[in-house]
Trainee: 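Input: one structure, supplied below.
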Protein chains: 2
Amino acid sequence: MSRGRPRNFSRDEALASAMQLFWDKGYDNTSLSDLTRVMGLNPPSLYAAFGSKAQLFIEAVDLYGRTDGAGIWDELETVPTAKAAVHDLLRRTAENFTRRGAPRGCMVVLSAPQMAGGDPEVCDALKLRRLEKQAALERRFERAADEGDLPAGVDCAAIAAYVASLQHGMSIGARDGATRETLLAIADCAAAGWDAMIAAIARPH
Amino acid sequence: MSRGRPRNFSRDEALASAMQLFWDKGYDNTSLSDLTRVMGLNPPSLYAAFGSKAQLFIEAVDLYGRTDGAGIWDELETVPTAKAAVHDLLRRTAENFTRRGAPRGCMVVLSAPQMAGGDPEVCDALKLRRLEKQAALERRFERAADEGDLPAGVDCAAIAAYVASLQHGMSIGARDGATRETLLAIADCAAAGWDAMIAAIARPH
DNA sequence: TCCTTTTTGTATCGATCAATACATAAATCG
DNA sequence: CGATTTATGTATTGATCGATACAAAAAGGA
């Protein structure tokens with residue numbers, strides 16, 4: 001069925017290696033020679049299998065979202081209340097961002113600067129993924145409002161932006177050396193203020 | 001007194017131009033040719049005046065801290081209560097991050113990825129400035145505890161990390177296109193939950 | 001005026017970047 | 001087998017990176 005000479009490397013393993021490297025060093029600071037060395041193949045094989053550095057990166061981000069980055073969001077829909085879901089999300093974030101042997105913080109937040117002059121294909125892919133998670137938060141809160149878990153008329157977009165900001169900031173903190181305990185304390189801070197925050201936001205001003 | 005041929009450009013104006021460019025495009029995405037074009041001088045003049053790209057960047061960050069970035073932190077010590085100071089800080093952040101004609105978000109958070117493989121001189125300078133602001137928050141809360149504004153025994157480091165995370169995340173949000181209203185809503189969320197958060201954190205568990 | 005000092009503009013340095021040309025090797029197909 | 005297809009390894013491409021060599025220009029000091 002498959003014609004031609006077979007490749008003598010595992011595409012999945014090579015992609016996993018590239019993901020680790022991009023996550024650790026970021027998009028710009030990862031060179032083709034870094035990639036070919038870690039992935040164990042030569043440039044023509046890399047380009048034949050993945051197209052370009054940018055496309056390889058985007059595949060790596062998708063892999064990250066399905067593997068290392070997935071656990072954070074696993075229980076957003078299943079934890080019964082919005083408050084508990086946010087507390088769970090942020091605690092999982094704290095633990096995920098401080099795992100031994102893995103780069104600290106979120107690849108989607110850290111690995112490419114969202115600046116003018118960067119590769120738009122790469123920046124837009126990351127921005128899209130950040131906004132998708134924020135939209136997932138917003139939908140979760142709207143569902144909670146429908147269920148009576150949150151008061152009707154609560155500004156779901158605002159609290160989603162609040163939670164997303166806090167979670168994104170934890171990536172910076174993790175890279176700057178914050179301990180797991182400190183990040184867990186941040187999660188607890190958010191949970192501790194949650195009910196009062198909801199009550200104040202829901203109340204017409 | 002000053003020997004030699006005088007320079008025919010303003011060092012301050014050139015530095016201000018470099019700051020704008022670094023803030024907009026980030027450290028890696030800003031090239032020497034970008035800089036010399038915007039600053040209106042040739043490479044030898046740039047190197048004679050600023051030493052290197054990294055040193056120029058660090059001077060630009062310091063300028064940012066004294067100018068565009070300063071307003072955010074101006075009233076941290078003067079606003080009377082910790083709660084009001086945080087609310088003021090975050091509202092100033094929201095406004096500062098969405099000014100017309102200026103890059104969105106904080107130069108100290110966004111302009112260089114805190115990744116392995118980056119210029120350590122640059123990364124460390126930015127990390128130091130982030131941690132200094134977080135330390136300033138922590139000291140402000142300790143002062144509040146001394147004054148009785150916050151309960152004794154409150155975990156000042158934890159709430160400083162919480163506020164810093166939220167503020168850092170707002171830089172990501174601003175770059176991703178969040179409106180001023182959305183960022184102000186984040187500030188209001190934090191303020192709304194503040195008292196309950198403090199009460200919960202202070203209480204021995 | 002001549003010497004020293006510093007800046008200027010031009011032209012370019014070696015290194016590294018992402019990406020390929022090319023010939024060879026290894027598989028299937030007929 | 002020979003023909004086709006695909007992957008591989010070596011070597012290299014043009015572009016761009018940050019940083020300089022060099023000589024002319026413009027100032028002060030003696």
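Convention: sequence-line order gives letters A, B, ...; per-chain numbering from 1.
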Trainee: Are A:R143 and A:E147 close enough for a salt bridge, meaning some N to O gap below 4.0 Å?
Mentor: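 Counted as a salt bridge, because a side-chain N and a carboxylate O are separated by less than 4.0 Å.
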
Trainee: Write down the distance between CG (A:L46) and C1' (D:dA7), rounded to a whole number of angstrom.
Mentor: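 Those two atoms, CG and C1', are 13 Å apart.
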
Trainee: Name the nucleic acid region contacted by B:F50, choosing base, sugar-phosphate or nothing; use a 4.0 angstrom heavy-atom cut-off, strictly under.
Mentor: nothing

Trainee: In whole angstroms, how far is the C1' atom of D:dC17 from the NZ atom of B:K25?
Mentor: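 These atoms are roughly 13 Å apart.
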
Trainee: Check this one for me: any side-chain N or O of B:N42 less than 4.0 Å away from OP1 or OP2 of C:dG9?
Mentor: yes

Trainee: Within this structure, what is the CZ-to-C1' distance between A:F9 and D:dT6, rounded to whole angstrom?
Mentor: 12 Å

Trainee: Separation of A:M39 atom CE from C:dA18 atom P, in whole Å?
Mentor: 13 Å

Trainee: Between B:R37 (CZ) and C:dG9 (P), how many Å, whole number?
Mentor: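 From B:R37 CZ to C:dG9 P: 17 Å.
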
Trainee: Is the phosphate of D:dT8, meaning OP1 or OP2, less than 4.0 Å from a side-chain N or O of A:S45?
Mentor: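 It does, given that an N or O in the side chain of A:S45 lies less than 4.0 Å from OP1 or OP2 of D:dT8.
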
Trainee: What is the separation between atom CZ on A:R3 and atom C1' on D:dT4, rounded to the nearest whole Å?
Mentor: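 Rounding to the nearest Å, CZ of A:R3 and C1' of D:dT4 are 5 Å apart.
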
Trainee: Side chains of A:Q20 and A:S17: donor-acceptor distance under 3.5 Å anywhere?
Mentor: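 No donor-acceptor contact under 3.5 Å links the two side chains.
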
Trainee: If I take atom CZ in residue A:R5 and atom C1' in nucleotide C:dA27, what distance separates them, rounded to the nearest angstrom?
Mentor: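 For the pair A:R5 CZ and C:dA27 C1', the rounded distance is 9 Å.
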
Trainee: On DNA chain D, nearest-nucleotide positions of A:P6 versus B:D34: which is more 5'?
Mentor: A:P6

Trainee: Are A:K53 and A:E121 close enough for a salt bridge, meaning some N to O gap below 4.0 Å?
Mentor: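 Looking at A:K53 and A:E121, the cut-off is not met.
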
Trainee: Could you check whether B:R66 pairs with B:D62 (Lys NZ or Arg NE/NH1/NH2 to Asp/Glu carboxylate O, under 4.0 Å)?
Mentor: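 Between B:D62 and B:R66 there is no salt bridge, as every charged N stays at least 4.0 Å from the carboxylate O atoms.
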
Trainee: Does B:F141 have its ring centroid less than 6.0 Å away from the ring centroid of B:W194?
Mentor: yes

Trainee: Of the candidate nucleotides C:dC17, C:dT5, D:dT8, which contains the atom at the shortest distance from the side chain of A:R7?
Mentor: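 Between C:dC17, C:dT5, D:dT8, the one nearest the side chain of A:R7 would be D:dT8.
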
Trainee: Please determine, by modelled atom types, if A:N42 and A:S45 share a side-chain donor-acceptor pair under 3.5 angstrom.
Mentor: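 Side chains of A:N42 and A:S45: no pair found under 3.5 Å.
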
Trainee: In whole Å, I'd like the distance from the CG atom of B:N29 to the P atom of C:dA18.
Mentor: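 It works out to 13 Å between those atoms.
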
Trainee: Using a 4.0 Å heavy-atom cut-off, does B:T30 contact any base of the nucleic acid, only the sugar-phosphate backbone, or nothing at all?
Mentor: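 Since only primed, P, OP1 and OP2 atoms lie under 4.0 Å of B:T30, the category is sugar-phosphate.
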
Trainee: Any Lys/Arg nitrogen of A:R104 or A:D176 sitting under 4.0 Å from an Asp/Glu carboxylate oxygen of the other?
Mentor: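 Between A:D176 and A:R104 there is no salt bridge, as every charged N stays at least 4.0 Å from the carboxylate O atoms.
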
Trainee: Would you mind telling me which of D:dG9, C:dA18, C:dT8 lies closest to the side-chain atoms of B:N8?
Mentor: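 Minimum distance to the B:N8 side chain belongs to C:dT8.
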
Trainee: Polar atom pairs between nucleotides 19-21 of chain C and protein, under 3.5 Å, N or O only, would you list them?
Mentor:
residue	atom	partner	partner atom	Å
C:dA19	OP2	A:Y47	OH	2.6
C:dA19	OP2	A:K53	N	3.1
C:dA19	O5'	A:Y47	OH	3.2

Trainee: Please determine whether a side-chain nitrogen or oxygen atom of B:S33 lies at a distance below 4.0 Å from atom OP1 or OP2 of D:dC17.
Mentor: yes

